[in-house]
Amino acid sequence: MCGIVAYIGHREAYPVVIKGLKRLEYRGYDSTGVALLNGGNLKVYKKKGKVAELEDYITGKDLKSHIAIGHTRWATHGEPSDRNAHPQMSGDGKLAMVHNGIIENYTQLKKELLSKGHQFTSDTDTEVLIHFIQEIKSSNQCSTEEALRIALKRVVGAYVILIVDEDNPDTLIAARKGSPLVIGVGKGEHFLASDASPIIEYTKEVVYVNDYEIAILKADELILKNISNEIQTPYIQKLDMELAAIEKGGYDHFMLKEVFEQPQTIFDSLRGRLDAKAGKLTLGGLREHMDMLKDANRIIIVACGTSWHAGLVAEYMIEELCRIPVEVEYASEFRYRNPVVGKGDVIIAVSQSGETADTLVAMESAKEKGAIILGVCNVVGSSIARLSNGGVYTHAGPEIGVASTKAFTAQLAVLCLIGLKIAEAKGSITGQRFQHLLDELEGVPDKVAIALKLNDQTKAIAAKYKDARDFLYLGRGYNFPIALEGALKLKEISYIHAEGYPAAEMKHGPIALVDENLPVVFVATKDRYYDKVVSNIQEIKARKGKVIAVITEGDQIISGMADDVIIVPESDELVAPIISVIPLQLLAYHIGVLKGLDVDKPRNLAKSVTVE
Ligand code: G6P
């Protein structure tokens with residue numbers, strides 16, 4: 001979703017901002033723009049399309065400036081177009097602003113401004129806001145900073161905004177509520193961005209700006225204030241991230257790199273927590289909540305997209321291990337149906353980015369109702385992590401491909417650790433089963449490495465089925481959410497319609513779709529449902545459907561029935577999803593590539609969805 005970048009300091013600002021925008025391309029966007037102060041004059045360049053198109057458009061212009069702001073826009077108010085792209089300017093042409101988020105009461109503000117004679121050139125809420133700030137500035141005869149503060153008190157919604165002001169050429173102003181903003185602190189320079197990826201190559205010292213804070217930046221000065229104009233002390237943190245983590249490292253796509261990183265990232269998610277030899281599990285972020293967790297009436301998992309699928313797997317895990325009822329909720333639905341939540345309920349918010357607006361809002365409402373909130377997040381210091389009372393980071397490293405892969409398997413590993421830890425504290429698991437599952441989890445990274453060796457085979461299967469119009473994905477038990485995730489991956493990357501279903505439920509509808517043109521992917525590893533899944537495969541074959549099956553090594557039965565099989569190592573059914581999802585990620589990837597699509601940045605999708 002929208003990305004913002006800015007620079008102020010001794011370097012040429014334009015190249016820093018353009019490079020930063022390229023680093024943020026993974027978030028998903030449809031137009032882009034920059035504003036800079038060249039020879040004291042405010043210049044704005046913006047374009048529908050990719051950052052490279054903006055660069056072509058600007059070629060040959062005098063871009064010298066030591067201050068610049070830039071934006072990648074994912075359209076909300078108004079179609080993707082040059083005029084709706086950011087930066088947006090004030091009516092007097094002196095202020096330029098980029099904005100990430102949504103101003104919910106912009107219609108009302110616009111009405112007021114129109115009645116005062118303002119004219120607008122775009123359909124955006126952003127243009128309304130910068131006009132509003134300018135209006136306050138001129139009617140109150142105050143500084144831009146003061147006008148911004150007054151304006152934000154009227155604004156309803158979520159935002160990160162950055163402003164450059166022609167009359168204050170050595171100052172950048174930023175404000176945040178509900179959308180992420182990181183400031184990189186260099187020597188005589190500052191960098192601002194939606195996440196750390198545009199900053200990491202210049203400095204590792206960063207400040208995460210909090211909600212309702214305003215930052216006033218000069219090259220060598222950072223002043224942080226709250227909305228009541230009180231000075232705040234910036235908390236400078238060290239980024240624990242290397243540049244290599246956000247580059248492709250020889251792979252054709254980030255997605256493929258991230259799929260192949262999984263043996264390491266799953267290992268990283270378990271590191272320092274799981275000690276199978278000693279039979280020990282340590283989760284520091286849950287320690288003080290363990291009593292409440294083991295006595296919980298109910299665990300409610302809130303999440304979106306792929307993270308929601310991880311939540312579904314966790315439902316099976318936690319109910320089985322801990323005998324605590326678990327509900328898995330789409331964050332967007334949970335919030336608005338006035339759910340019954342109270343003391344004794346524990347919410348677990350699962351999110352890669354830690355910035356998903358729907359998940360954040362769901363957490364806030366559950367918190368108000370007295371529930372305790374735990375976070376399972378990948379991005380350290382993210383909004384969801386900060387709103388949580390405790391939790392566990394997934395430590396999968398930055399995920400750039402829009403379709404989530406390594407973050408998902410790290411979520412599964414961490415949720416499994418959480419289930420085991422609660423079960424241990426509650427005494428709902430035998431010592432033998434506990435130890436067995438610790439051993440199984442420890443073995444997962446190696447088994448994932450074996451599953452990745454099937455890359456070429458999966459590519460050949462992808463070539464065979466890439467022209468199918470629809471796909472059906474089926475699984476039961478722990479593999480049912482993996483069928484959903486496989487279908488989602490295919491949709492996201494290849495734009496082929498795909499549905500995931502519980503294998504048995506297929507008889508109640510989707511079976512009507514089955515004919516010789518429908519590939520049906522079965523996630524059919526050996527588990528307690530195996531015989532039933534074999535029957536489901538027979539039902540598909542009887543109707544001439546094409547069966548692609550992910551099976552356990554040594555399985556002769558399904559090998560003899562399916563059109564194509566992908567064989568993964570044997571494992572306990574509780575950890576099997578972490579392995580069986582690997583070939584489904586590869587299948588979606590190869591079909592997307594074979595269709596010539598941009599798998600890292602699929603159309604219309606955003607990596608981090610910061611609007612509700
Ligand atoms: C977007 C992304 C998905 C992701 C979902 C939830 O839709 O494209 O890959 O699963 O948001 O994101 P989160 O960061 O909360 O896991």
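Since this is a predicted model, take the numbers as computed values, not measurements. Both ligands and their constituent atoms are indexed starting at 1 by order of listing.
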If you look at each N/O of ligand 1, which protein N/O atoms lie under 3.5 Å away, and at what distance?
| residue | atom | partner | partner atom | Å |
| --- | --- | --- | --- | --- |
| ligand 1 | 8 (O) | A606 | O | 2.8 |
| ligand 1 | 9 (O) | V402 | O | 3.2 |
| ligand 1 | 10 (O) | T306 | N | 3.0 |
| ligand 1 | 12 (O) | T356 | OG1 | 3.3 |
| ligand 1 | 14 (O) | S351 | OG | 3.3 |
| ligand 1 | 14 (O) | Q352 | N | 3.4 |
| ligand 1 | 14 (O) | S353 | N | 2.7 |
| ligand 1 | 14 (O) | S353 | OG | 2.6 |
| ligand 1 | 14 (O) | T356 | OG1 | 3.4 |
| ligand 1 | 15 (O) | S351 | OG | 2.6 |
| ligand 1 | 15 (O) | T356 | OG1 | 2.5 |
| ligand 1 | 16 (O) | S307 | OG | 2.5 |
| ligand 1 | 16 (O) | Q352 | N | 2.7 |

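The side chain to side chain donor-acceptor pair (under 3.5 Å) test with E485 singles out one residue from N479, T405, T306, and that residue is T306.
Remark: R176 fails to qualify as a cation-pi partner of Y159 under the 6.0 Å distance and 45° angle criteria applied to the six-membered ring. Geometrically, K595 does not engage Y495 in a cation-pi contact defined by less than 6.0 Å to the ring centre and at most 45° from the axis. The cationic atom of K491 (NZ for Lys, CZ for Arg) does not lie both less than 6.0 Å from the six-membered ring centre of F471 and within 45° of the ring axis.
Looking at K19 and E201, a side-chain N of the basic residue comes within less than 4.0 Å of a carboxylate O on the acidic one, giving a salt bridge.
Here salt bridge (charged side-chain N to carboxylate O under 4.0 Å, His left out) pairs that include residues 367-389, with residues two or more places apart or in two chains, number zero.
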